[in-house]
Number of protein chains: 2
Amino acid sequence: MIIRIESESDIPIYLQISNQIIEGIARGYIKAGQTLPSVRSFAADLGVNMHTVNKSYHHLEQKGIIQIVPKSGAVITSPQNFNESTINKLKDEYKHLIAESLVIGMPTTQIKELVAALLEEFKKSNGQLK
Amino acid sequence: MIIRIESESDIPIYLQISNQIIEGIARGYIKAGQTLPSVRSFAADLGVNMHTVNKSYHHLEQKGIIQIVPKSGAVITSPQNFNESTINKLKDEYKHLIAESLVIGMPTTQIKELVAALLEEFKKSNGQLK
DNA sequence: AAATCTGTTCTATTTTGTATAGAACAAAAA
DNA sequence: TTTTTGTTCTATACAAAATAGAACAGATTT
């Protein structure tokens, strides 16, 4: 799995890492039970600081996406027992994203089509999706 | 239109204001051609600094959602001629949001239903939606 | 015409977030 | 036993966010 860091981006590096890991899981490049690289080796690969990768991992753990085993590694968790607040935050993000789409003039049909197309794209990469 | 600021939130105040204005437009509470409150009066109402509201307005102007007329006011623009980068950023946000939803185990049907339900909710508030 | 209100611009300070750096610790793995 | 692991600590540097006060010039209201 390839991760690209854009230093010019307005998105913090630790979030760029988190987001691309999430996409990698959704696409099936990494699967539940597998382990992420150590913070030191990953940082060396990406050319960033160890603490930046560490922050990214803890960000993913807070979302319930990975589990950090002290002195061992970061393991992708199975999609289960995720907390309510994570789901509510996601729903709020959907609400705001749809609101903005409507405001800039996207028709409802186009929004539905965009979502359906993206879901198809992920399904294409990851056959195990429900 | 009522706007609530949560000081505990990790979302910056100026973004909370922007987001709720966008939702207000999507819901039809404010319509194209109408004017937003002055930065000073709005700031007084919300209990925040004038410059924070000013930042929010300029953020909305950059998105093409309002037009700031110097020495006059901030006017809601009609949904037209939006730049490509705004749309591409939106699509990227949809992609990441859907990826995260899939990772925490939401079935594709549930994602589609959530989007459809939110679209219905906005339609219910705003009859003029396409 | 005068007073008020408007967004703008400027300096200034405080707080928080981001990113890097280096060092040390204790436990797990090789 | 040596290496690797995540963790913790101090430290620095920079940027973003939020507040504050003042002043300006144009628009609006009285």
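Numbered from 1 within each chain, the chains take letters A, B, ... in sequence-line order. If you're wondering where the values come from, they're calculated on a predicted model, not measured in any experiment.
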**Q.** Exceeds 12 heavy-atom contacts within 6.0 angstrom, atom CD of Gln34(A)
**A.**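 Yes - once you tally the heavy atoms of other residues, nucleotides and ligands closer than 6.0 Å, there are more than 12.
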
(Q) So for atom CD, which belongs to Glu61(A), do other residues, nucleotides or ligands contribute more than 12 heavy atoms lying within a distance under 6.0 Å? (A)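 Yes, enclosed.
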
Send over the distance from [X] [atom1] to [N] [atom2], rounded to a whole Å.
| X | N | atom1 | atom2 | answer |
| --- | --- | --- | --- | --- |
| Asn49(A) | dT12(D) | CG | P | 16 Å |
| Gln16(B) | dA17(D) | CD | C1' | 12 Å |
| Asp10(A) | dA17(D) | CG | C1' | 15 Å |
| Ile17(B) | dA18(D) | CD1 | C1' | 11 Å |
| Ile11(B) | dA16(D) | CD1 | P | 19 Å |
| Phe42(A) | dG6(D) | CZ | P | 12 Å |
| Glu8(B) | dT16(C) | CD | P | 15 Å |
| Ile13(A) | dA15(D) | CD1 | P | 13 Å |

Q: Check which hydrophobic residues are tied to Ile2(B) through side-chain heavy-atom contacts below 4.5 Å, counting indirect links as well, and list them.
A: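 In the cluster with Ile2(B) there is nothing else; it is isolated.
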
Q: Return the orientation label for the Phe42(B) and Tyr57(B) ring planes: parallel under 30°, perpendicular over 60°, tilted otherwise.
A: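 Aromatic pair Phe42(B)/Tyr57(B) classed tilted.
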
Q. Just to confirm, is there a sub-4.0 Å distance from OP1 or OP2 of dA18(D) to any side-chain nitrogen or oxygen of Lys55(B)?
A.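 No.
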
Q. Can you give one letter per nucleotide of nucleotides 3-14 of chain C, going 5' to 3': B for a protein heavy atom under 4.0 Å from the base, S for sugar-phosphate only, - for none?
A. ---BBBBB----

(Q) Between Glu100(B) and Lys63(A), does any NZ, NE, NH1 or NH2 come within less than 4.0 Å of an OD or OE carboxylate oxygen? (A)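 Salt bridge: yes.
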
Q) In terms of hydrophobic clustering (I, L, V, M, F, W, Y; side-chain heavy atoms under 4.5 Å; direct or indirect links), are Leu119(B) and Leu129(B) co-clustered? A)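 Yes: a chain of side-chain contacts under 4.5 Å links Leu119(B) to Leu129(B).
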
